[in-house]
K.L.:
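Below is one structure. I have some questions about it.
Just so it is clear, the values below take in all heavy atoms, side chains as well, and ignore hydrogens, waters and symmetry mates.
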Amino acid sequence: MDRYFVKDHHTLEKLAHFWPKIVELIEEIKVGHYSNGSHELSEGLTMNIFGYETNNQEERLFEVHQENIDIHVVLAGMEQVQLLMPGNYAEVVYDLSTDSATFQEVSDEKISCVIGDILVIDTEIAHKTGIMLEEKQAIKKVVFKLKV
C-alpha cells in the first residue's frame with residue numbers, strides 16, 4: 001500500500017519526475033543488485049538501504065527534514081510509524097549537514113507498515129519509525145532521499 005503525506009503540488013511534481021526510477025530501483029534491490037549502505041543515484045536522489053530492530057516507542061526518536069522528501073519502502077518485517085504534522089511539534093534545531101532534527105514526542109497518528117509498503121513523507125512532517133507492533137523484529141528497508 002502506498003501512503004503519501006505531502007504538503008503541496010510541488011512535492012507531487014518532484015515525486016512524479018523521479019517515480020519511474022524509484023520503482024525500477026526497488027525491483028533491483030529486491031533481486032540483490034544493491035548492497036546495504038548509502039548510494040548516490042543522481043543529483044537530488046539518494047537511497048539508503050539498511051536494517052534495524054524495532055523497539056518500543058519510548059526508545060525511538062522523531063526526525064524531521066527541511067531539504068529532503070523521504071520515501072520509505074519496507075523490504076522485510078513490519079513496523080509502526082508515528083507522524084506529526086507541521087505545527088504539532090515544538091520548534092526544532094536542524095543539523096544542516098544531515099538535513100535532520102531529532103526529538104522525543106508522542107503522537108496518536110500511527111501507521112502500520114509491512115513488506116512492500118511505500119510511505120512518502122514530505123519535508124517538515126516529523127516521523128518516528130521502527131516502533132514494534134507486537135514484538136521486536138528485524139526490519140530491512142530502503143529510504144530514498146529526494147531533494148526539494
K.L.:
Using a 4.5 Å cut-off on heavy atoms from C-beta on, say whether the side chain of Ile29 contacts that of Met47.
P.N.:
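Heavy-atom side-chain distance check passes, below 4.5 Å.
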
K.L.:
From Ile125 CD1 over to Met85 CE, what is the distance, rounded to the nearest 0.5 angstrom?
P.N.:
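Nearest 0.5 Å value for the CD1-CE distance: 5.0 Å.
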
K.L.:
Parallel, tilted or perpendicular: which one describes the rings of Phe103 and Phe62, with boundaries at 30° and 60°?
P.N.:
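It falls in the parallel class, under 30°.
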
K.L.:
As a quick check of understanding, evaluate side-chain contact (heavy atoms from CB on, under 4.5 Å) for Val81 and Ile131, giving each step before the final call.
P.N.:
CA-CA 6 Å; Val81 177; Ile131 302 169; over 6 Å; no

K.L.:
With a sphere of 6.0 Å drawn around NZ of Lys110, does it hold more than 12 non-hydrogen atoms of other residues, nucleotides or ligands?
P.N.:
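Enclosed: over 12 neighbouring heavy atoms sit under 6.0 Å from NZ of Lys110.
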
K.L.:
Any non-hydrogen side-chain atom of Ile22 less than 4.5 Å from a side-chain atom of Ile71?
P.N.:
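The answer is yes, as the side chains (C-beta and beyond) meet within the 4.5 Å cut-off.
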
K.L.:
Nearest 0.5 Å, please: how far is CG in Asn68 from OG1 in Thr46?
P.N.:
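Thr46 OG1 to Asn68 CG: 7.0 Å, rounded to 0.5 Å.
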
K.L.:
Using the side-chain contact (heavy atoms from CB on, under 4.5 Å) rule, take Asn88 and Glu109 through it: C-alpha gap first, then chi angles, then the decisive distance, then the call.
P.N.:
CA-CA 11 Å; Asn88 291 335; Glu109 189 158 355; over 6 Å; no

K.L.:
Are side-chain N/O atoms of Lys128 and Gln80 paired as donor and acceptor at under 3.5 Å?
P.N.:
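Side-chain D/A pair, Lys128 to Gln80: absent.
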
K.L.:
Are Val74 and Leu25 linked, directly or through intermediate hydrophobic residues, by side-chain heavy-atom contacts shorter than 4.5 Å (ILVMFWY only)?
P.N.:
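No, separate clusters.
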
K.L.:
When hydrophobic residues are tied together by side-chain contacts of less than 4.5 Å, even through go-betweens, does Ile118 share a cluster with Ile69?
P.N.:
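Yes, Ile118 and Ile69 fall within the same hydrophobic cluster.
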
K.L.:
Starting from the C-alpha separation in whole Å, work towards a yes-or-no answer on salt bridge (Lys or Arg N to Asp or Glu O under 4.0 Å) for Lys145 and Glu67.
P.N.:
CA-CA 9 Å; Lys145 299 276 189 185; Glu67 298 182 1; over 6 Å; no

K.L.:
NE2/His17 to CG/Leu12 distance, rounded to the nearest 0.5 angstrom?
P.N.:
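Those atoms lie 14.5 Å apart.
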
K.L.:
In terms of hydrophobic clustering (I, L, V, M, F, W, Y; side-chain heavy atoms under 4.5 Å; direct or indirect links), are Phe18 and Val23 co-clustered?
P.N.:
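Same hydrophobic cluster.
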
K.L.:
Under a plain distance cut-off of 3.5 Å, with no hydrogens placed, do Tyr89 and Glu124 share a side-chain donor-acceptor pair?
P.N.:
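No, because no side-chain N or O of Glu124 sits under 3.5 Å from a partner of the opposite role on Tyr89.
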
K.L.:
Grab the two heavy atoms, one from Ser35 and one from Ile49, that are nearest each other, plus how far apart they are.
P.N.:
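Heavy-atom minimum between the residues: O-CD1, 3.5 Å.
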
K.L.:
NE2/His72 to CD1/Ile139 distance, rounded to the nearest 0.5 angstrom?
P.N.:
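Nearest 0.5 Å value for the NE2-CD1 distance: 12.0 Å.
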
K.L.:
Would you say the side chain of Val92 lies within less than 4.5 Å of the side chain of Val64, judging by non-hydrogen atoms?
P.N.:
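When only atoms from C-beta onward are counted, Val92 and Val64 do touch, with a gap below 4.5 Å.
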
K.L.:
If you group Ile, Leu, Val, Met, Phe, Trp and Tyr by side-chain heavy-atom gaps below 4.5 Å, do Leu75 and Phe50 land in one group?
P.N.:
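Unlinked, Leu75 and Phe50 end up in two clusters.
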
K.L.:
Going through the distances and angles, do Ile115 and Met78 end up as a side-chain contact (heavy atoms from CB on, under 4.5 Å)?
P.N.:
CA-CA 7 Å; Ile115 296 171; Met78 61 183 177; over 6 Å; no

K.L.:
Do other residues, nucleotides or ligands put more than 12 heavy atoms under 6.0 Å from Glu134 CD?
P.N.:
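It does not: Glu134 CD has 12 such atoms or fewer within range.
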
K.L.:
When rounded to the nearest 0.5 angstrom, what is the spacing between NE2 in His127 and CZ in Arg60?
P.N.:
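So the NE2 of His127 and the CZ of Arg60 are separated by 10.5 Å.
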
K.L.:
If you count every heavy atom of other residues, nucleotides or ligands that lies below 6.0 Å from Glu24 atom CD, does the total exceed 12?
P.N.:
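Check passes, neighbour count above 12.
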
K.L.:
Does a side-chain heavy-atom distance below 4.5 Å link Leu146 with Leu15?
P.N.:
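In short, these two side chains touch, coming nearer than 4.5 Å.
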
K.L.:
Tell me whether Leu119 shares a hydrophobic cluster with Leu61, the cluster being built from Ile, Leu, Val, Met, Phe, Trp, Tyr side chains joined at under 4.5 Å.
P.N.:
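Hydrophobic grouping puts Leu119 apart from Leu61.
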
K.L.:
Glu53 and Gln137: side-chain donor and acceptor closer than 3.5 Å?
P.N.:
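Judged by distance alone, the side chains do not pair up.
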
K.L.:
To the closest 0.5 Å, what do you measure between OG (Ser112) and CD (Glu79)?
P.N.:
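So the gap between those two atoms works out to 9.5 Å.
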
K.L.:
Please tell me if the side chains of Ile121 and Leu83 come closer than 4.5 Å, counting only heavy atoms from C-beta onward.
P.N.:
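They are in side-chain contact.
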
K.L.:
Just so I know, are the side chains of Val106 and Glu58 near enough to count as touching, which here means a heavy-atom distance under 4.5 Å?
P.N.:
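They are not in contact (no side-chain heavy atoms under 4.5 Å apart), so the answer is no.
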
K.L.:
Taking the side chain as every heavy atom from C-beta outward, state whether Tyr34 and Val142 have any pair of such atoms under 4.5 Å apart.
P.N.:
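They are not in contact (no side-chain heavy atoms under 4.5 Å apart), so the answer is no.
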
K.L.:
Looking only at heavy atoms, which two atoms of Gly130 and Tyr52 are closest? And how far apart?
P.N.:
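Where Gly130 meets Tyr52 most closely, the heavy atoms are CA-CE1, 3.4 Å.
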
K.L.:
Do Asp99 and Gln66 have side chains that get closer than 4.5 Å, going by heavy atoms?
P.N.:
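Asp99 vs Gln66: side chains touch.
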
K.L.:
Classify the side-chain pair Asp95/Ser100 by whether it contains a donor and acceptor separated by less than 3.5 Å.
P.N.:
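No, because no side-chain N or O of Asp95 sits under 3.5 Å from a partner of the opposite role on Ser100.
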
